[in-house]
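Below: the structure, in structure tokens.
Both ligands and their constituent atoms are indexed starting at 1 by order of listing.
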Amino acid sequence: MDSLVLDLFAIEAVKFGDFKLKSGIQSPIYFDLRVLVSHPRVLERVSEQLWLAAEKGGASFATVCGVPYTALPMATLVSVRHGVPMVMKRREAKDHGTKKLIEGSIIEESACLVIEDVVTSGGSVLETAQALTEAKLVVKDAVVFLDREQGGRERLFEKGIKLHSVLTVSHVLATLERLGKIDSMTSAQVREFIRANTFSPVAAPKVLSYEERVPLVENSLTKRLLRVMIEKRTNLVFSADLKSKEKLIEVIDSIGPYVCMVKTHIDIIENVTSEFVTCLTQLATKHNFLLFEDRKFCDIGNTVEYQYGHGTFEISQWADVINAHALPGPGIVEGLKKVGQLRGRGCLLIAEMSSKGNLISSAYTQETVAMAMAYRDFVIGFIAMRKLTDDPNFLHFTPGVHLASGGDTLGQQYLTPEEVIKNRRSDLIIVGRGIYEATDPVEAAKLYRKEAYKAYEESLK
Ligand code: 5BU
């Protein structure tokens, strides 16, 4: 790497002095990698290092895209040398014809590696990543030749992009000082400049407490649930997936004090009777929790209207909350809303799933969120693996939660309560086997409640 740093210095791709940056700030160091096009051998080495850095960082991608203009030749070399297709971002959308911002053949939902010459705040990488995302590509990794260490890496990380770099300013300074190209004064000056001009990470929106959310939410059912969560100090939903009615009633009665909601799969319970359903609703009143039937409706509006309002289980008569796939389109919400809204019920849209290999793509998730926004009077939130929107009206419920990570033999994948609530900023955890298969389900429910509530309180700090 020493010889590459020396070459950059020799061709004046890195210069020391007093330079006015785009932002207007005076800088004692300047990187100008545009000169590389006049030095093909150096350009070739820079490009190869970019490839190696991405590879070393574990980036996986199907296409590459250089941030215009300086990184375009670098991306081209990477593409040609390694046989990875490239897409190209325009600086401006064409004002005639297709208005496309990204040129090239796009394989929707495939990963694209963003290539950049220098990263300061990460703004240009983000701009390119946004255009790529709009063109239905997925950006998880970016590789930069030189990281100015001024906060870009952190900012990109917050947006879900991992930055891999070939060189950092510190490394360049140390190398040039060691090889006698700059003195220690210059090096110290630059270090101080970098320290004083670091972009702070974009503050993640503050997590609102349940109390703060109550007056902000429009739906009265959401308000009710939040109040239960506050009063009982619990964001735990029990997934009561037991087949025996007696066992189910027994478990629900014993863990009722620790949950804000009980989720059922009514069609797995043997010989369901109206007395059983009455018993369920009585328990909900006794322990002050809501009932959620995990029916996962997924049909045209007309059919779901019948399924929800009629049939053996008469779901709309007793379930406060139901859920639905967004797959059939808005008609499904219209159909369910026709039955549920007058009764004050609410619906969760399944925006993501916990099971391995599920076919939900990020574009599908985004469309689901958009659909929820359009039906906010009836859709109260999502089944999702993380927080999807900062809109306080929507509650995020995450299944696939277990204190022991791992999964089952049929594709379930588990996350811990802390990961779900604190790191992924979801609102509620859904736990089934972690509780009802435990030697002592009551103790297990208490533990899940404690862990998830603690994670929520910590996320407020
Ligand atoms: P478990 O025993 O905690 O693994 O049960 C999880 C429950 O959540 C179970 O009733 C599933 O039907 C439900 N579930 C899920 O696990 N993953 C999903 O993506 C969705 C629902 Br949607």
Sequence neighbours left out, cut at 3.5 Å: what donor-acceptor pairs do the side chains of residues 50-75 make with other protein atoms?
from	atom 1	to	atom 2	distance (Å)
Trp51	NE1	His82	ND1	3.4

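- More than 12 heavy atoms of other residues, nucleotides or ligands shown are found within 6.0 angstrom of CG on Leu208.
- Here Phe289 and Phe238 keep their ring centres 6.0 angstrom or further from each other.
- Taking CZ from Arg224 and CG from Leu226, the interatomic distance works out to 12.0 Å, rounded to the nearest 0.5 Å.
- Sorted by first and then second residue, the ring-ring contact (aromatic ring centres under 6.0 Å, His included) pairs involving residues 125-160 (not counting sequence neighbours) form an empty list.
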Donor-acceptor pairs are to be reported for all side-chain atoms of residues 266-275 against protein atoms at under 3.5 Å, with residues two or more places apart or in another chain.
from	atom 1	to	atom 2	distance (Å)
Thr273	OG1	Phe276	N	3.1

Less than 3.5 Å apart, N/O on ligand 1 and N/O on the protein: could you list those pairs with the distances?
from	atom 1	to	atom 2	distance (Å)
ligand 1	2 (O)	Arg433	N	2.8
ligand 1	2 (O)	Arg433	NE	2.7
ligand 1	3 (O)	Gly432	N	2.9
ligand 1	4 (O)	Gln412	NE2	2.9
ligand 1	4 (O)	Tyr414	OH	2.7
ligand 1	4 (O)	Arg433	NH2	2.8
ligand 1	10 (O)	Ser239	OG	3.1
ligand 1	10 (O)	Asp241	OD1	3.4
ligand 1	10 (O)	Asp241	OD2	2.7
ligand 1	10 (O)	Lys263	NZ	2.8
ligand 1	10 (O)	His265	NE2	2.9
ligand 1	12 (O)	His265	NE2	2.9
ligand 1	16 (O)	Gln412	NE2	2.8
ligand 1	17 (N)	Ser354	OG	2.7
ligand 1	19 (O)	Ser354	N	2.8

